[in-house]
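Data block below; observations after.
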Amino acid sequence: MGTFITFPELLLWLPLLSGIICFFIKDDKRAKAIAFGGSLLVLGVALTSLFYASESYVTYNAVNYLWLKNLGTSFYISIEGSGRILTLLTAVSFPIIFLSTYKNNYKNAGAFFGLMMLAECGLMGVFVARDALVFYFFWELALIPVYFLCSKWGGEKRIPATFKFFVYTFLGSLLMLTGIIYVYLHTGPRLFENGVQSLHSFSLPAFYSTNLNEGEQSWLFWLFFIAFAIKMPVFPFHTWQPDTYDQSPTSVTMVLSGIMVKMGLFGVIKWLIPIFPLAVPKFTNIVMILCIAGIIYASCIAMLQDNLKKLVAYSSIAHIGLMCAAIFAMNEMSLQGIMIQMFSHGINIIGLWIVVEMIEQQTGVKNMSELGGVAQKAPVLTIMLVIIAFANIALPLTNAFVGEFMMFAGIYQHSIWMAAVAGLAIILAAVYTLNMIQKVFYGNTNTVTANITDISLVQKLGLGLIVVMIFTFGVYPQPMINLAKEAVNGLVIK
Amino acid sequence: MNAILLSALWGVLMMFSGVFIKSKTTPKYLALAGIILVFIANAFELNAFGKGAIHFNIDTKEMLNIGSFNLTFIAVVLACTLLFFLLSGRDIEKVGEHVGEYFALIFFVICGVCISATYNTLLLLFLGIEIMSIPLYILTGSDKRNLKSNEASLKYFLMGAFSTGIMLMGIAFIYGGNPNGSFFINNIQMGEGTMPIMIAVGLVFLIIALSFKVSAAPFHFWTPDVYDGAPTVFTSFMSTIVKVAGFFAFVRLFENSFGKVQSQWQNLIVFITVLTLLIGNITAVFQQSVKRMLAYSSIAQAGFMMLAVFALNTMAKEGLLLYAAAYSIATIGIFAVLIKMNDYTIEGFNGLGKKHPLLALCTTIFLLSLTGIPLTAGFQSKFFMLMAAAENTGKFWLIIVAVLFAAISAYYYFRVIQAMYFKEPGVEVIAEKEITPSFKVMLAIAAVLIIAIGIYPEFVVGWMYHQ
């Protein structure tokens, strides 16, 4: 049965189209509206696709065009498993980001929103790709618009900071490309539907069924892992991250920290562990120790931070470290936890950035020591923040609790010691988060914060949506758990 | 055959045009017509318009080998030359008095390129390379009153003559050491045993001479000075079309003559490749002038093209075609913009994004392509090269080295992008009146071509298999 157009295609072409349109719009407000409308449409598509998730609708969810027949690559994309959760996250995040930064005015807004939508297209592409070359294409394409966004609209030291970011990730992806080429040369032949046959294949299933020996897998593992580790980032590949988060315009930081880091996690889940099953057990402990060292390290630095943006950045490193460790614990519990947490973390960190952005916009200050007493002036903002902050430290009844609990349970099954040390992260997270709330929101107002006003209706709407999601999935996590289960079942677990 | 004859004839025609045409602008249109004519004639030979179409056929006693691979390459070269004329034709007029002659010389170069793309004997290889080089010596010095141009020309000529000598000696050694006593490249091919000493010496001489022509390290020393000294329009031409033609000759010679004994000389090529990548990329990082940076970047890109000589498989051939197209289009595009700039330093590009968004966008696409970002032709060409090198098993580390240097290349290409978009514009960035609408359109077409090839490389590669 031929379908006119499939969900994954819509998820790619809608942002691309609206992005391209944005470039040609001179009027700032209209560009904003088009980007927002486009992202809403994407959200609609992503939500609709949830109703057609079952096996019987497979033709709606996957598409496969022949691309370069001699190479055995095709434009093979589909929504499934962990990819579905992340497309959903991407689709939810963009409208919220646009909504919460609706008041911001950007120079050359058409280009800004155009690039944002292109970034969304790139991210979607990464999450739906089922062909290594397509995956690599989108992996890089997500980077380019973000690079331009950061360098053009960022803070004072943006150019060196984002260039460092670019070189790091570009180097990582090139290493991955060499890895992809090596694996490709060891795949079996591919027969396309129309009878064309090629010697090797770039498709994901073919990558899963290679016969690489343990030695080969070992070094290939690192070629792939470094690319993903830089993107996440895992200690010690994280040095680009705090500067970039600090210097980027906040809406881009949201994309970076909320969604782009998930590219790394997604890569590990889908493009690393199943492809190198022999190498993974060998390096599990090394990777987990790196992750856990990173958690402690980042948490400690976060405690000492005075810069609000860097605090959130380091807290993000800690959270991502925990998630990466949970992936490598490799049991059903931890993997389900990961799936849920990838979504929750995205929502929560975007929420945190929204609040940071609002404070910075109104006061022009990002050092906590200069702030204080915001709660007196902006009670609604404070309540919202406290809820988001609680979610960030994974208090029960918030969305993050479910995922984090399952991840810890999973790590515990793997090793008690690791779980114990990683558990420190929760305590440390509580310390720096609560400290931040106290310093910024309570105490007496000073000259900087005296003129703060509470948030506007549109901003309330954006933050409100996040708070609603935090509670909904905190109290009733079943839908997420179902999605996560399905995603985990779809993985090849050995 | 069509292309060789027509381009030579048209070169002669262009040379005499100076006698009859006094206008300075007419030769450009004559040259444009000529290159289109040659392109179409070549397309006929490629059977692009169905079989049995017109073409000249002179019995060359198999001294020329005309297959769709060669013809596709010629088509790529001709298309790039057409683009070059369209983008930079007006700037050729500005170099000096004798406009017709410049175009004539370019046509002779094209003729040389076509010969060195189709040669089947060492003799014609030599002829092709020489016909290609001699007009270039003149073009390099065509800015007669400029001391740097003179110096570059002399340097180029001396070094070129020297390398020609080495090449000739290499050919003599191979002819002498070869029991078949033949100049035909297929007959040089020996069994798989160890090469006789005469052949080995000849082979090394040929590697040296050809490395010189394609400016691979350690035979690259002439490149920066010559590229910097030559009038910028001609730098654009010789750093692209002539260079890829050199590589094409290189690959064909080694595939046909020495393919079976590849393992015996491969390490030498590996050495040259790594050194070229190293020197090209590292030195380019320190350049302040965009023109000089592009000269070093052309050395760096040569390192990537050397991978084709290293691999010598079908993938490498496809990759070379793509590389020829991707690298030439992007570099010609950047040079076309550079010529219009008042200031050739990287600071000279400051704020171009604000003043001329389209120019900046196109330049960005060209630079991204040279870096090798997906969705551009540059990515596909690098990717094909890496695949080719990886297929030729045993030296996987080489492709890891290659990508590490590709990452370094991002540094110097992105400096220009940063200057264009993220820095404040200077007083007068660009010669405003030079930017005609047609120039913009042509530049945009080049950028679209880059992306089209990036999405669907078979658009170029497919012709290789056209019957």
Side-chain angles (χ1 to χ4, degrees), chain A residues 23 66-71 73 75 107-108 110-111 118 122 125 133-144 147-154 158-160 162-164 166-186 199-200 202 216 219-220 223, chain B residues 314-315 318-319 322 353-354 357 360-361 364-365 368 371-376 379-380 382-393 396-415 417-423 454-459 461-462 464-465:
Chain A
F23 276 110
L66 194 60
W67 183 21
L68 305 174
K69 57 180 187 295
N70 294 338
L71 291 185
T73 179
F75 194 74
K107 255 193 208 167
N108 222 337
L118 291 190
L133 208 55
V134 177
F135 176 71
Y136 182 79
F137 252 65
F138 283 111
W139 179 271
E140 289 273 311
L141 286 186
L143 175 65
I144 299 295
Y147 168 75
F148 279 99
L149 282 168
C150 296
S151 312
K152 182 88 189 169
W153 287 274
R158 62 189 193 273
I159 297 175
T162 49
F163 192 58
K164 186 169 159 192
F166 178 81
V167 169
Y168 258 83
T169 38
F170 186 53
L171 182 66
S173 6
L174 282 172
L175 289 178
M176 180 170 76
L177 180 67
T178 61
I180 288 176
I181 291 175
Y182 193 90
V183 178
Y184 163 78
L185 290 173
H186 292 79
L199 222 51
H200 300 292
F202 272 109
E216 288 170 315
W219 57 269
L220 285 168
L223 283 184
Chain B
T314 320
M315 201 64 154
E318 293 179 353
L322 273 178
K354 266 199 193 118
L361 178 70
T364 306
I365 291 173
L368 290 178
T371 320
I373 302 288
L375 214 66
T376 61
F379 168 75
Q380 293 290 1
K382 280 205 166 77
F383 176 66
F384 271 63
M385 284 295 178
L386 292 175
M387 290 275 282
E391 264 179 18
N392 194 311
T393 49
F396 195 74
W397 60 268
L398 185 62
I399 85 165
I400 297 185
V401 170
V403 300
L404 289 180
F405 285 117
I408 293 177
S409 77
Y411 178 80
Y412 50 86
Y413 292 132
F414 270 65
R415 274 177 74 193
I417 297 181
Q418 284 169 355
M420 286 192 298
Y421 282 105
F422 314 137
K423 303 261 170 78
I455 293 172
Y456 198 67
E458 282 182 32
F459 173 59
V461 175
M464 203 174 128
Y465 303 103

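As a basis for the values below, the full set of heavy atoms in this structure was taken, side chains included, without hydrogen atoms, waters or symmetry mates. Naming convention: chains lettered A, B, ... in sequence-line order (proteins, then strands); numbering from 1 in each chain.
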Original post:
When rounded to the nearest 0.5 angstrom, what distance separates CG in A:L174 from NZ in B:K382?
Top reply: 9.0 Å

**OP:** Measure distances from B:Y465 to the heavy atoms of chain A and classify the residue's part below 4.5 Å as side chain, backbone, both or neither.
**Re:** side chain

Original post:
Between CD1 of B:I417 and OH of A:Y147, what distance do you get to the nearest 0.5 Å?
Top reply: 6.5 Å

Original post:
Who among B:V461, B:L368, B:I455 has the most heavy-atom pairs with chain A under 4.5 Å?
Top reply: B:I455

Original post:
Side-chain contact, heavy-atom cut-off 4.5 Å: B:E391 with A:I181?
Top reply: no

Original post:
When heavy-atom pairs shorter than 4.5 Å are enumerated against chain B, which of A:W219, A:F138, A:W139 gives the highest number?
Top reply: A:W219

**OP:** Name the member of A:I159, A:N108, A:L143 that forms the most heavy-atom pairs with chain B at distances under 4.5 Å.
**Re:** A:I159

Original post:
With respect to B:F414, which candidate in A:F166, A:F170, A:F148 satisfies the ring-ring contact (aromatic ring centres under 6.0 Å, His included) definition?
Top reply: A:F166

Original post:
Say you draw a straight line from CD1 of A:I144 to OG1 of B:T376; how long is it, rounded to the nearest 0.5 Å?
Top reply: 9.0 Å

Original post:
Looking at A:Y184, A:Y136, A:W67, A:F163, which makes the most heavy-atom pairs under 4.5 Å with chain B?
Top reply: A:F163

Original post:
Do B:V403 and A:L171 have side-chain heavy atoms sitting under 4.5 Å apart?
Top reply: no

Original post:
Considering residues, nucleotides and ligands other than B:F396, do more than 12 of their heavy atoms fall under 6.0 Å from its CZ?
Top reply: yes

Original post:
Hey, does B:F384 have a side-chain heavy atom less than 4.5 Å from the side chain of A:L71?
Top reply: yes

Original post:
Going from OG1 on A:T178 to CG on B:L398, what distance comes out if it is rounded to the nearest 0.5 angstrom?
Top reply: 11.5 Å

Original post:
With side chains defined as the heavy atoms from C-beta onward, is the minimum distance between B:Y411 and A:V167 less than 4.5 Å?
Top reply: no

**OP:** Please state whether the side chain, the backbone, both or neither of B:T364 comes within less than 4.5 Å of a heavy atom of chain A.
**Re:** side chain

Subject >> Heavy-atom pair of closest approach, residues B:P374 and A:L141 >> reply: O-CD2, 3.8 Å

Subject >> Residue pair A:F23 / B:L361, side-chain heavy-atom distance below 4.5 Å >> reply: no

Subject >> Beyond-backbone contact of B:F379 with A:E140, side-chain heavy atoms, under 4.5 angstrom >> reply: no

Original post:
Taking B:L386, B:I408, B:L375 one by one, which has the highest count of heavy-atom pairs under 4.5 Å against chain A?
Top reply: B:L375

